[in-house]
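Within every chain, numbering begins at 1; the chains are lettered A, B, ... in the order of the sequence lines, protein sequences first and strands thereafter.
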Number of protein chains: 2
Amino acid sequence: MREGPDIARIASLIGDPARANMLTALLVGKALTASELAQEAGVTLQTASSHLGKLEQGGLLRQRKQGRHKYFSLASDEVAHALEALMGLAANAGHLRTRPGPADVALREARVCYNHLAGDMGTRLFDSMVARGFLRLRGEDVSLTPAGAHFVRCYGIDLARLEAKRAPLCRQCLDWSERRSHLAGGLGRALLERFEELGWAKRKPDTRIVEFSRRGRAGFDELIARG
Amino acid sequence: MREGPDIARIASLIGDPARANMLTALLVGKALTASELAQEAGVTLQTASSHLGKLEQGGLLRQRKQGRHKYFSLASDEVAHALEALMGLAANAGHLRTRPGPADVALREARVCYNHLAGDMGTRLFDSMVARGFLRLRGEDVSLTPAGAHFVRCYGIDLARLEAKRAPLCRQCLDWSERRSHLAGGLGRALLERFEELGWAKRKPDTRIVEFSRRGRAGFDELIARG
DNA sequence: TGAATGCTTCGATTAACATCGAACTATGAG
DNA sequence: CTCATAGTTCGATGTTAATCGAAGCATTCA
């Protein structure tokens, strides 16, 4: 055989616990410095540096220097997607790191996945937008319809600015907790930002949990009910 | 942090070259014996036995004994999905195992992915069925519409038998070469079988390549053009 | 200029694990 | 029953790579 891409190389990169911790930490979407990632992974700065070099070499991370800091983030949405796929397998095999507790419940309801909203609320938003014809699915591609563009503009999102960027506007991302898709890409990011701007939601510091206020939850429910 | 499923465990399972070879070999969908997998991975039977035990323990493989043989296959479509996601990353990072050659071209055009058709022809089939209203997408779920049921029955597929099985009928699977979806699940399997039955396509032995005859290619083109 | 901070490189240590030979169990064939 | 084949278990070996202390750059700040 020996055909197709070399999967073991990438998988073994993810397979080290320290590196896996770094990658999952970066799933929140924020860029983190080498020191922060070292702490996240529970290793010293030296070993973290070695790990980060390998992850970047392997194309999983993107890095940018800023002064004497070095910021790392995931290289692409695809990396996040692959990580979530692995999480699905892990959850399925019952290898949860912790027994399902209150944090886990919150995580399943609403969490951040590389800067966009995932979990139950994320998939509900996605399904609603598809059902109302705001998003059109074609195979794996997702595109915003004219009606959808109107909808998000009314919600206060600067669509023109998003479209000017090079990153894809819409993309779907499979959810490990829900086994369904949620909206990724620039628009997904913008929507979560807007939720935070309006005070509907707030990220719980140092976790992937997104906490909705009572008012925010009501607003969200109405938003996906009829726009 | 330390939240969410334990991803490193699964990834390190896939991260060993011998195990990765076994898993990719099983992507063709056929169940293989321990000896066959040992040869596929290029290791002796003893080490293969150890690897297979770990893979099964980790929930990636399913095994059934038959006489003095032990047959292994992937545990689920989800495993195949995760593997293809990793292939996407690997291909993206330029870590192709071999430089793109003739085999690679054939692989991108039509290959088998856990017993269903993938590659360019796989995604074209999927897109066509969505466009004609034979498949309906709802988030990550795919379902067969009444019109679609009529279509596949006319094509000679015993739908009742498929529906009787426990495995899901339709499922979408992301394609590493095309970055779009193709049809997985029982129906995807049945369609590929039917292509072979009609002499349209033939699997190239010991590879994932699917070769279409000239007649088969014509029939396929007509099938996805108007049914 | 000197001190402090953030990160990298080097070297040595250690732990994990893939590998295989050899011995063992189980199933099937003659 | 005897032999061959398929697979497992055990133990020894060798390699890989994760880890961290210490020293070395680079950047910023005073």
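Residues satisfying the salt bridge (Lys or Arg N to Asp or Glu O under 4.0 Å) test with A/D16, not counting sequence neighbours, are none. A/R217 meets the salt bridge (Lys or Arg N to Asp or Glu O under 4.0 Å) test with A/E109; sequence neighbours excluded. With sequence neighbours excluded, the residues that form a side-chain contact (heavy atoms from CB on, under 4.5 Å) with A/A201 are A/F195, A/V210, A/F212. With sequence neighbours excluded, the residues forming a salt bridge (Lys or Arg N to Asp or Glu O under 4.0 Å) with A/E196 are A/R203, listed by chain and number. For B/S73, the side chain to side chain donor-acceptor pair (under 3.5 Å) test picks out no residue, with sequence neighbours left out. Not a single side chain to side chain donor-acceptor pair (under 3.5 Å) links A/E193 to another residue, sequence neighbours left out. Checked against salt bridge (Lys or Arg N to Asp or Glu O under 4.0 Å), A/E197 has the following partners two or more places apart in sequence or in another chain: A/R194.
Atoms OH (A/Y71) and P (C/dC7) sit 8 Å apart, rounded to a whole Å. If you measure from atom NZ of B/K65 to atom P of C/dT25, you get 16 Å, rounded to the nearest angstrom. Between B/K70 atom NZ and C/dT27 atom C1' there is a gap of 14 Å when expressed in whole angstrom units. Straight-line distance from the CZ atom of A/F72 to the C1' atom of C/dT8: 11 Å, rounded to whole Å. Rounded to whole Å, the distance from CG on A/L52 to P on C/dC7 is 9 Å. Remark: P of C/dT9 and CG of A/L45 are 12 Å apart, rounded to the nearest angstrom.
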Any protein N or O atoms within reach of nucleotides 18-24 of chain C? Criterion: under 3.5 Å, listing atom names and distances.
from	atom 1	to	atom 2	distance (Å)
C/dA18	OP1	B/R19	NH2	3.4
C/dA18	OP2	B/K54	NZ	2.6
C/dT19	OP2	B/H51	NE2	2.6
C/dC20	OP2	B/T44	N	3.2
C/dC20	OP2	B/T44	OG1	3.3
C/dG21	N7	B/Q46	NE2	2.6

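Put simply, chain A comes within 4.0 Å of DNA chain D, heavy atom to any atom, from D/dA18 to D/dT28, going 5' to 3'.
At a threshold of 4.0 Å, the pair A/R111-A/D120 does not count as salt-bridged, since none of the basic side-chain nitrogens sits closer than that to a carboxylate oxygen.
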